[in-house]
Each structure stands twice: as C-alpha cells, then as structure tokens.
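For clarity, every value in this text was computed on a predicted model and none was experimentally measured.
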Amino acid sequence: MAQKPSIPKGTRDFSPQEMVRRNYIFDTIKLVFQRYGYLPIETPAMENLETLTGKYGDEGDKLIYKIRSNKNLLEKYPTLRDCNCLKTVYNYDWIPMASDKALRYDLTVPFARYVVQHQNEITFPFKRYQIQPVWRADNPQKGRYREFFQCDADVIGSNSLINEVELTQMIDDVFTTLNVPVVIKINNRKILSGIAEIVGAADKMIDIATAIDKYDKIGDVGVNKELSEKGFSNEQIEKLEQVFLATSDRIILGPGYDGKDKNLVRLELLREHQEYRSSEIFLEGVKELEAVFKTIIDLGLTSANVEFDITLARGLNYYTGAIFEVKANKGTLTSSICGGGRYDDLTGIFGLPNMSGVGISFGADRIYDVLNELDLYPDTVSASTKLLFVTFGKDEQNYCLPLLAKVRKAGINSEIYPDANAKMKKQMSYADDKKISFVVIVGGDEMASGELTLKNMTSGKQEKIKIEKIIEKLK
RNA sequence: GUGGCCAUAGCUCAGUUGGUUAGAGCAUCGGUUUGUGGUACCGAGGGUCGUGGGUUCGAGCCCCAUUGGCCACCCCA
C-alpha cells in the first residue's frame with residue numbers, strides 16, 4: 001500500500017461544492033471592483049527575493065517563502081563535500097545555492113514593482129484589481145493559512161481622498177452583497193506619527209503603533225507594560241495614554257454629548273487637543289480623516305459601520321496615510337477579513353518617487369470561513385447542471401445526443417449519463433447528488449412519439465413534453 | 001520562534017484496571033425481480049490503532065522519542 005497522501009500544512013483542497021461557493025465570493029468582489037472602474041492585472045507567483053524583503057517589517061520578512069535554488073552548491077565548490085560542519089547540517093549530496101526568488105507575500109508590493117516597470121504604458125491615476133494567491137511561512141491556526149487568496153484594489157498616482165471614500169464604499173458594497181455585517185475601522189498613520197513626535201520618539205512610531213494596536217486585547221495595563229519594555233519612560237507612556245483616552249466612548253459620550261457623529265466628535269477633540277495640536281503631521285492626519293468621514297457620512301453606507309479608531313495600527317511598514325481594517329460583527333472569527341491603506345512612497349524604493357497609492361485587500365479565505373460558519377450562501381449558489389438526460393441503453397443514448405447538443409446550444413447547462421447500461425436508480429441518484437433540477441427520461445415510448453418525460457426533481461412531478469418546449473421552459 | 005491540547009476506517013468518534021479475531025454512525029458500493037432519486041430494509045468493501053523504540057507472558061491503552069494536526073502568543077488577510 002502506498003503511503004497516505006497529504007497536503008502541506010496550512011493549505012487546503014477545495015471540492016466542487018466549495019469551489020462554487022468560493023467563486024461566488026470572487027465573483028461578487030470582482031463585480032464591485034469593475035463597477036468602480038478597476039482593471040485586472042496578474043503578476044507571477046514568484047518575485048525576486050530582493051523585491052520583497054524590507055517591505056513588511058522584521059516579522060513580515062521572516063514569513064516570506066524563499067524558493068531554494070536548483071543549483072547544487074557542491075557542483076560549484078566540490079571541496080565543500082569534505083567540510084564536516086556542512087555534513088552535520090546536510091546529510092545528503094545536494095546543498096542548494098543561495099535563494100534569490102521568493103513566493104509573493106502580498107499583492108501590493110508586486111503591484112508597486114509592476115507600476116515602476118510599466119510606468120510608460122500606464123495612464124495615471126491607475127486603478128487596478130488583482131485576485132491571486134499569496135504565501136506566508138506562518139504557523140497556521142484559525143483563519144490563518146500558508147496559502148490564501150487576496151483580492152486587491154489599488155489606485156496609484158492620485159493623492160485625492162476621494163479614493164479613500166470610494167474604497168470604503170466598495171467594502172460596504174461587497175459585504176452588503178455577501179450579507180456579512182461588518183465594522184470598517186479607519187485610522188491615519190500621520191496621526192500616529194504625530195503622536196510619536198510629540199512624545200519625543202519620532203523614530204519609534206512602529207513600536208508605539210504595534211503596542212497600542214492591542215488596546216482592546218490586553219487593555220491599558222498590558223499596553224503600558226509593553227511600551228515600558230520597549231524603553232518608553234513613564235512620562236511618555238502617560239502622555240500616550242492621555243491621547244488614546246481622549247477619544248474613548250467614556251469621554252466623548254459624557255455630559256454635553258449632543259448626538260453628533262461619534263467619529264467627527266473624536267476627530268474634533270483631537271484637533272483641539274492642547275498638547276497634540278502643535279504637531280503639524282498630527283493635525284494633517286486629523287484633517288484628512290475629517291474630510292474622509294464627512295464625505296462618507298454625507299453619501300451614506302448601505303450596511304457597514306465605519307469607526308475612527310486611534311488604536312488601529314496595522315503592521316505593514318509601507319503605510320503612510322489612511323489605514324483600514326474590516327472585521328465581521330458576527331461569527332467566531334476575530335481577525336480582520338479585509339485591510340488596506342495609503343502608501344506614499346512604495347514605488348520610490350523601485351526608483352519611481354512621488355507616486356502615492358491607496359488600496360484595500362479582501363482576504364477571500366477568511367471571508368469564505370465566515371460565510372461557511374454563518375451559512376450565508378444564497379440557494380442559487382449550489383446549482384450547476386440544470387438538466388440530465390436519463391436513458392436506458394445505447395439506442396436511447398444515441399437518440400439523445402443531438403437533443404443534448406441542442407439544449408446546450410440554447411445555453412442550458414446539461415449533461416447525459418455517460419454509461420449507457422447504468423440502471424435508472426443509479427442515474428437518478430446521480431442527478432439527486434448533483435442537485436440537478438430536471439431530468440429527461442427517454443425510453444422506447446418517448447423515442448416513438450417525440451414526447452419526452454420531463455421530471456422536476458424538486459417537486460417530483462413529471463410531464464410528457466417535446467424537446468423544444470423543454471428548452472423554452474428551462475431557458 | 002514560544003506554549004497548551006490531540007492523533008483509532010474516507011469523515012465524526014467509542015474502545016473497561018493492559019487480556020483472544022478493534023467497533024458504531026455517516027459516507028461509498030451492491031441488493032430489496034430488470035422505466036423513477038432524495039425517507040426505509042438487507043449486505044459488502046475499507047484500519048500494521050500517525051511513525052520508531054521501550055516496559056510486559058501480552059500494548060489501541062503505560063513510558064520515551066519523532067512526525068503531523070488543532071488552538072493560543074507574536075504577527076497578519
């Protein structure tokens with residue numbers, strides 16, 4: 001017996017029913033992308049390693065899947081074969097040369113690379129969407145995979161905040177269609193930069209951001225402890241706590257709250273904040289968000305809630321302006337199902353400066369998990385074949401083949417049971433299992449009269465009917 | 001990279017203080033007289049109990065190691 005086959009950790013197989021469901025998600029997202037004027041591109045699964053490194057922070061870089069070279073180090077340096085220290089590491093005759101390629105970690109960095117490479121063919125602002133798998137050498141757990149699909153939409157070459165508004169509307173559109181209640185959290189890295197500047201730690205913005213990101217998880221005590229461990233003084237920590245507390249519900253919903261939009265109240269509070277208003281970049285971030293929120297409120301969203309959250313950080317290093325994160329309000333998955341933000345200089349690294357971009361990324365696999373858990377698929381998602389020809393032998397089958405072709409030409413998904421000798425029960429079970437809505441039963445009587453037996457598999461009712469009428473009926 | 005839990009049929013699991021030939025449900029396939037599925041009844045196939053070692057007269061069960069999985073931390077879609 002052969003060994004039981006398996007697939008690598010953190011990867012999944014998708015069977016037909018699952019694929020139909022996943023395609024429903026992809027189709028929904030794609031439709032929204034197209035409706036807002038985004039055009040598709042694809043990039044290779046692998047990139048040059050140097051394209052990817054240094055873009056995702058220290059933790060991110062560790063999770064990049066490196067592709068080992070096919071060249072054998074021992075062929076180039078045969079004397080290495082005798083090196084004992086290598087032998088203890090590699091007990092075989094093949095030592096790969098240094099890896100210089102890697103699997104893509106996300107779709108944003110390859111996109112930036114693409115834009116720089118194709119800058120002369122692109123009309124800016126460039127709106128592209130991209131739906132492809134990405135790979136991360138992470139430890140799998142709930143909602144976390146080593147291979148998963150991202151669905152990205154990005155605008156590059158436009159500073160306008162209308163893009164931020166539009167992306168928010170797209171998130172709303174997608175999750176409204178999918179029937180998933182969500183909260184869209186929005187923050188701005190400039191606010192975080194300003195905060196870091198004010199407390200005298202401008203170079204430690206990332207440290208502050210990743211610590212305060214855990215506010216709702218480990219509370220103020222935990223956050224303060226982490227900040228302290230990272231070398232922040234008590235004075236700095238106190239100053240930081242002050243600004244985060246300023247936007248808490250307890251403060252803004254207190255006496256004097258006049259029912260105005262919470263997000264705008266929070267931002268106004270920050271704009272007027274004694275200590276922090278002195279930072280230019282801080283105020284810039286606040287003003288940007290005020291503009292974004294005002295427009296969103298004016299236009300209104302269909303089902304999503306938007307929320308300004310000053311503790312939202314996001315780990316990716318390249319974000320410089322607005323940052324987004326979307327979570328489902330129902331179900332047990334607590335991690336984000338969509339994220340994004342503005343990056344002012346991602347193309348600069350590849351030699352094309354002053355090209356600001358902003359984008360969002362839907363995590364298709366997590367959305368799939370949420371939809372599965374909440375069972376949010378419409379009935380129409382399961383049906384594929386609409387009509388099955390059931391026959392009793394070779395003669396009947398031959399009689400049906402031209403009819404089948406006719407039905408297919410009319411655009412009706414249909415098939416015939418291939419094994420002419422199969423018993424009727426077998427053929428009916430097949431239809432039942434595939435959730436085929438109608439079967440046509442063809443035997444001697446039907447062939448003689450041309451009146452075929454059409455059975456509705458849901459109601460169980462059947463009627464004698466000519467093929468033309470069947471086509472008319474099912475079209 | 002760190003920690004916790006788990007591993008028996010394709011799937012979900014049972015399996016007594018260690019004792020003959022390891023069970024059930026679901027799924028699959030076949031049958032209940034050869035033109036009718038989803039419900040019923042009968043039957044069949046399918047397991048070196050994750051792998052390797054140890055203790056024992058005897059191990060699915062106890063011990064050690066190893067691999068894999070799930071969950072949490074870190075970080076992220």
Nearest-nucleotide pick for K214(A), side chain only, options being C70(B), C74(B), G35(B) = C74(B)
Quick one: ring pair (Phe, Tyr, Trp, His ring centres under 6.0 Å) pairs with a partner in residues 450-475 of chain A, sequence neighbours left out?
-> none
Base C71(B) to side chain R144(A), donor-acceptor N/O within 3.5 Å cut-off | no
Using the C1' atoms only, state how far G47(B) lies from C41(B), rounded to an integer number of Å.
-> 27 Å
Closest to the K142(A) side chain: U36(B), C71(B), C76(B)?
-> C71(B)
Can you tell which of A77(B), G37(B), G35(B) lies closest to the side chain of Q150(A)?
-> A77(B)
Is the shortest side-chain N to carboxylate O distance from K434(A) to E415(A) below 4.0 Å?
-> yes
Taking the side chain of N139(A) as heavy atoms from C-beta outward, which of G31(B), C74(B), G1(B) is closest to it?
-> G1(B)
Please state how far atom CG in D213(A) lies from atom C1' in C76(B), giving the value in whole angstrom units.
-> 10 Å
Whole-Å gap separating P (C74(B)) and OH (Y56(A)) | 22 Å
Does a side-chain N or O from K435(A) land closer than 4.0 Å to OP1 or OP2 of G37(B), or not?
-> no
Return one dot-bracket line describing RNA chain B 5' to 3' (Watson-Crick or G-U wobble pairs, both distances under 3.5 Å; ( ) same strand, [ ] crossing, | another strand, . none).
-> (((((((..((((.....[...)))).(((((.......))))).....(((((..]....))))))))))))....
Using a cut-off of strictly less than 4.0 Å between a heavy atom of the residue and any atom of RNA chain B, enumerate the qualifying residues of residues 463-475 of chain A by number.
-> none
Which pairs with one or both residues in residues 144-178 of chain A pass ring pair (Phe, Tyr, Trp, His ring centres under 6.0 Å), sequence neighbours excluded?
-> F26(A)-F149(A), F175(A)-F362(A)
What pairs with P181(A) under side-chain contact (heavy atoms from CB on, under 4.5 Å), at least two apart in sequence or on another chain?
-> N329(A), K330(A)
Could one point to a donor on the side chain of E446(A) or the base of G35(B) with an acceptor on the other under 3.5 Å away?
-> yes
Between P of U34(B) and NZ of K426(A), the distance in whole Å | 19 Å
Selection from C71(B), C75(B), U36(B) that lies nearest to any side-chain heavy atom of E59(A) | C75(B)
Within this structure, what is the NZ-to-P distance between K434(A) and U28(B), rounded to whole angstrom?
-> 15 Å
Would you call K62(A) and E59(A) a salt bridge, using N to O less than 4.0 angstrom?
-> yes
C1' gap between G58(B) and G18(B), integer Å | 8 Å
Tell me what G339(A) touches on the nucleic acid: a base, only sugar-phosphate, or nothing, going by heavy atoms under 4.0 Å.
-> sugar-phosphate
If the P atom of U56(B) is compared with that of G4(B), how far apart are they to the nearest Å?
-> 30 Å
Using the P atoms only, state how far A59(B) lies from G52(B), rounded to an integer number of Å.
-> 15 Å
Rounded distance in Å between the P positions of G15(B) and A77(B) | 43 Å
Going from CZ on R113(A) to CD on E47(A), what distance comes out if it is rounded to the nearest 0.5 angstrom?
-> 4.0 Å
Considering residues at least two apart in sequence or located in another chain, which fulfil the side-chain contact (heavy atoms from CB on, under 4.5 Å) criterion with Q169(A)?
-> Y36(A), V165(A), E166(A), L299(A), L301(A)
Hey, does Y145(A) reach any base, or is it just sugar-phosphate, or nothing, if we go heavy atoms under 4.0 Å?
-> base
Whole angstrom value for the distance that separates C1' of A72(B) from CG of D138(A) | 13 Å
Got a sec, which pairs hit ring pair (Phe, Tyr, Trp, His ring centres under 6.0 Å) with one end in residues 443-475 of chain A, sequence neighbours left out?
-> none
Which whole-number value in Å describes the distance from I29(A) CD1 to A77(B) P?
-> 15 Å
How is G60(A) classified with respect to the nucleic acid when contacts are heavy atoms under 4.0 Å: base, sugar-phosphate, or nothing?
-> nothing
Counterpart residues, ring pair (Phe, Tyr, Trp, His ring centres under 6.0 Å), relative to Y105(A) (two or more places apart) | Y56(A)
Below 4.0 angstrom, N of the basic side chain to O of the carboxylate: do K464(A) and E446(A) qualify?
-> yes
Would you classify I441(A) as touching base, sugar-phosphate or nothing, given that sugar-phosphate means primed atoms plus P, OP1 and OP2, and contacts are heavy atoms under 4.0 Å?
-> base
In whole angstroms, the gap separating C1' of A77(B) from CG of D152(A) amounts to 9 Å
5'-most contact on RNA chain B (nearest-nucleotide basis), R366(A) vs G10(A), goes to G10(A)
Side-chain atoms of residues 152-159 of chain A: list all donor-acceptor pairs with protein atoms under 3.5 Å, sequence neighbours left out, distances to 0.1 Å.
residue : atom : partner : partner atom : Å
D152(A) : OD1  : S361(A) : OG           : 2.7
D152(A) : OD2  : T108(A) : OG1          : 3.4
D154(A) : OD1  : R128(A) : NH1          : 2.9
D154(A) : OD2  : Y343(A) : OH           : 2.5
S158(A) : OG   : S160(A) : N            : 3.3
S158(A) : OG   : N163(A) : ND2          : 2.8

Between P110(A) and T43(A), the two heavy atoms sitting closest are CB-OG1, 3.9 Å
What does D445(A) touch in the nucleic acid at a heavy-atom separation under 4.0 angstrom: a base, only the sugar-phosphate, or nothing?
-> base
Hey, could you give me each pair passing ring pair (Phe, Tyr, Trp, His ring centres under 6.0 Å) that has a residue in residues 418-468 of chain A? Not counting sequence neighbours.
-> Y417(A)-Y430(A)
Ranking G143(A) and Q462(A) by the position along RNA chain B of their nearest nucleotide, the one closer to 5' is Q462(A)
Each nucleotide N or O in nucleotides 38-40 of chain B that has a protein N or O under 3.5 Å away: list the pair and distance.
residue : atom : partner : partner atom : Å
G38(B)  : O4'  : D432(A) : OD2          : 2.6

Under the criteria of a ring-centre distance below 5.5 Å and an interplanar angle below 30°, is F148(A) stacked with the base of A77(B)?
-> yes
Rounded C1' spacing from G31(B) to G45(B) in Å = 14 Å
Looking only at atom P, what distance separates C5(B) and C64(B), rounded to whole Å?
-> 13 Å
OP1, OP2 of A72(B) versus side-chain N and O of Q141(A): anything below 4.0 Å?
-> yes
Under the 3.5 Å rule, do the base of U36(B) and the side chain of Q427(A) count as making a donor-acceptor pair?
-> no
In chain order, what residues pass the side-chain contact (heavy atoms from CB on, under 4.5 Å) check against E472(A), with sequence neighbours excluded?
-> none
Ring center gap for F33(A) and Y129(A) short of 6.0 angstrom = yes
Would you kindly give the CD-to-C1' distance between E396(A) and U36(B), to the nearest whole Å?
-> 15 Å
Determine the Euclidean distance between corresponding C1' atoms of U12(B) and G69(B); express it in Å to zero decimal places.
-> 16 Å
